[in-house]
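Here the structure is laid out as structure tokens; the discussion comes afterwards.
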Amino acid sequence: MAEAMDMIKKEMGPDAVILKSGKVMDGPGEALFEVQAAIDQKQQEEVSPPFKNSTNQLKQIEGKIEEITHFLSLLVSTKEQFANFYNHEVLSKIYHYLLMQELDEKKVYLLLTKAVKNLKDEKSPSKIIAAFCRELMNAISIMNPFSSDALTLSSSGRLGLPPVYTFMGPTGVGKTTTLAKLAAHLKITKGLDVGIVSLDNYRIGASEQIATYARVLELPFATVQTREELEFARKQMRNCFAVFVDTTGRNFLMSRYVLELVEVFSNMEDVHHFLVLSATAKDKDLTKTIQQFDSLGIYGLIFTKVDETLSCGNIINQLLRFSYPLVYLGTGQRVPEDLEEASKKRLINLLFPKKEGFV
């Protein structure tokens, strides 16, 4: 029996289960052991669940493999440069400062190595930081969707109905407040009327909050629960510059909540999704959330609560990992004052405050 079990493990693996065993007689009358076994398919599926959204996951895996391969290759080819990071006092100080700002270590190494390589003999703190910032800003994208030039382009491409801008993201990141800030900004500074729609039928009192903002700003407002109701509200607001949609805040680490939004907005023309995230969230959680919303097609990233964190590394990490542009920064609770258009200069000031003494 022990010999039979060894044969089963070799041929079928450790997940094999015994269905039947016992002695049998062969032709000449010799007693043999017979064992029937099978692979427990259910157990295998529980241990290794099938991929969902396999195309996106495969792309993410391929991207990670390519990134790791490139980084290892760079480490091998520039190990002398890496050693210089620690031998050069100023360079080492800047390198460790960037890591303390919670920037991704691989990204910092790649950018800093490239920055130093382009410098000549002089490697003063200001020169190194300036070179690093140039490389960093070249690697990320910034967009101002409601600048004067952007407004001209959007108005020329109108299809008879106002474009829709959704505000999506996890719970508690400030989607409703951010929507109100932006609507107030467009109304007060540019004289543009924005239709406001609440698709948040999950939280108690959510629609009342955004309805109050709409009433104070004298902007049209509607509460909807379905795609059909949203399309009807959009037609009713056809004279508005745009329609802003406040969506439900849920735990979007669970993909089924994202799929609910996909069903509402799929194949709807001229729809742009703002993903609103908190600057105080953990780096891994931010990355996972962005990946979850990838299937919707993210138009731009908005980071709130910038005033509530001591480092902006997790913001910059997402801009380096994904191609989505940063569009706005939320810096407080005041409406509409505490909303800033994203700029590369602002990011640099967040990364290198003057009080740190580097610049």
Side-chain angles (χ1 to χ4, degrees), residues 63-144 147 149 277 279 282-284 286-287 290 300-303 306-307 309-329 331 340-359:
K64 288 289 185 183
I65 292 173
E66 183 179 356
E67 180 183 350
I68 293 170
T69 302
H70 178 65
F71 182 61
L72 290 175
S73 175
L74 190 65
L75 280 177
V76 172
S77 62
T78 60
K79 58 184 180 181
E80 183 178 349
Q81 179 69 54
F82 187 73
N84 288 338
F85 273 26
Y86 293 94
N87 295 330
H88 193 292
E89 182 180 354
V90 173
L91 189 57
S92 177
K93 184 179 179 182
I94 295 172
Y95 181 64
H96 285 285
Y97 170 79
L98 293 170
L99 296 186
M100 292 300 294
Q101 287 293 306
E102 300 182 26
L103 279 168
D104 183 278
E105 185 174 4
K106 295 188 295 294
K107 301 294 186 183
V108 170
Y109 176 76
L110 293 172
L111 293 170
L112 200 52
T113 298
K114 190 174 181 180
V116 173
K117 185 177 180 181
N118 293 332
L119 289 175
K120 296 182 179 179
D121 294 334
E122 185 181 357
K123 290 185 176 63
S124 64
S126 59
K127 292 286 186 181
I128 295 173
I129 290 173
F132 173 81
C133 289
R134 283 193 296 270
E135 297 298 333
L136 176 62
M137 293 303 109
N138 288 335
I140 67 175
S141 177
I142 302 289
M143 179 179 67
N144 295 321
S147 65
D149 293 339
L277 301 166
K282 291 186 289 188
D283 186 62
K284 288 184 178 180
L286 289 173
T287 298
I290 295 173
L301 301 176
I302 298 175
F303 278 91
V306 175
D307 57 314
T309 182
L310 297 176
S311 64
C312 65
N314 55 349
I315 298 176
I316 295 174
N317 287 341
Q318 312 316 314
L319 300 176
L320 291 172
R321 289 174 188 144
F322 303 97
S323 59
Y324 305 121
L326 178 66
V327 291
Y328 289 100
L329 295 171
T331 57
E340 301 179 14
E341 290 185 349
S343 70
K344 294 183 176 182
K345 181 179 179 180
R346 181 73 167 102
L347 278 181
I348 290 174
N349 289 337
L350 287 173
L351 186 59
F352 291 102
K354 292 183 179 180
K355 63 182 180 181
E356 296 296 337
F358 284 112
V359 291

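We're numbering straight along the sequence, starting at 1.
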- side chain to side chain donor-acceptor pair (under 3.5 Å) partners of Glu340, counting only residues at least two apart: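 Once residues adjacent in sequence are excluded, the partners of Glu340 under the side chain to side chain donor-acceptor pair (under 3.5 Å) criterion are Arg346.
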
- Item | Qualifying residues under side chain to side chain donor-acceptor pair (under 3.5 Å), relative to Asp307, sequence neighbours excluded |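 For Asp307 there are no side chain to side chain donor-acceptor pair (under 3.5 Å) partners, ignoring immediate neighbours.
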
With sequence neighbours excluded, tell me which residues meet side chain to side chain contact (heavy atoms under 4.5 Å, CB included) with [X].
X      : result
Lys284 : none
Thr309 : Ala279, Thr280, Ser311
Lys282 : Asp285

So, for [X] and [Y], which heavy atoms are closest and what is the spacing to 0.1 Å?
X      : Y      : value
Leu351 : Tyr97  : O-OH, 2.6 Å
Leu301 : Tyr324 : CG-CB, 4.0 Å
Phe132 : Val108 : CE1-O, 4.3 Å
Asn317 : Asp104 : OD1-N, 2.8 Å

Is the shortest side-chain heavy-atom distance between [X] and [Y] below 4.5 Å?
X      : Y      : answer
Leu98  : Glu105 : no
Ile315 : Leu277 : no
Lys106 : Leu320 : no
Ile316 : Leu350 : no

Distance, nearest 0.5 Å, that separates [atom1] of [X] from [atom2] of [Y]:
X      : Y      : atom1 : atom2 : value
Leu286 : Phe322 : CG    : CZ    : 9.5 Å
Leu111 : Leu103 : CG    : CG    : 8.5 Å
Ile94  : Ile128 : CD1   : CD1   : 4.5 Å
Leu319 : Cys312 : CG    : SG    : 9.5 Å

In a table with atom names and distances, give each donor-acceptor pair under 3.5 Å that connects a side chain of residues 133-143 to protein atoms at least two apart or in another chain.
residue : atom : partner : partner atom : Å
Glu135  : OE2  : Asn118  : ND2          : 3.2
Asn138  : ND2  : Arg134  : O            : 3.1

- Does Lys114 NZ have over 12 foreign heavy atoms under 6.0 Å away?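 Not more than 12 within 6.0 Å, no.
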
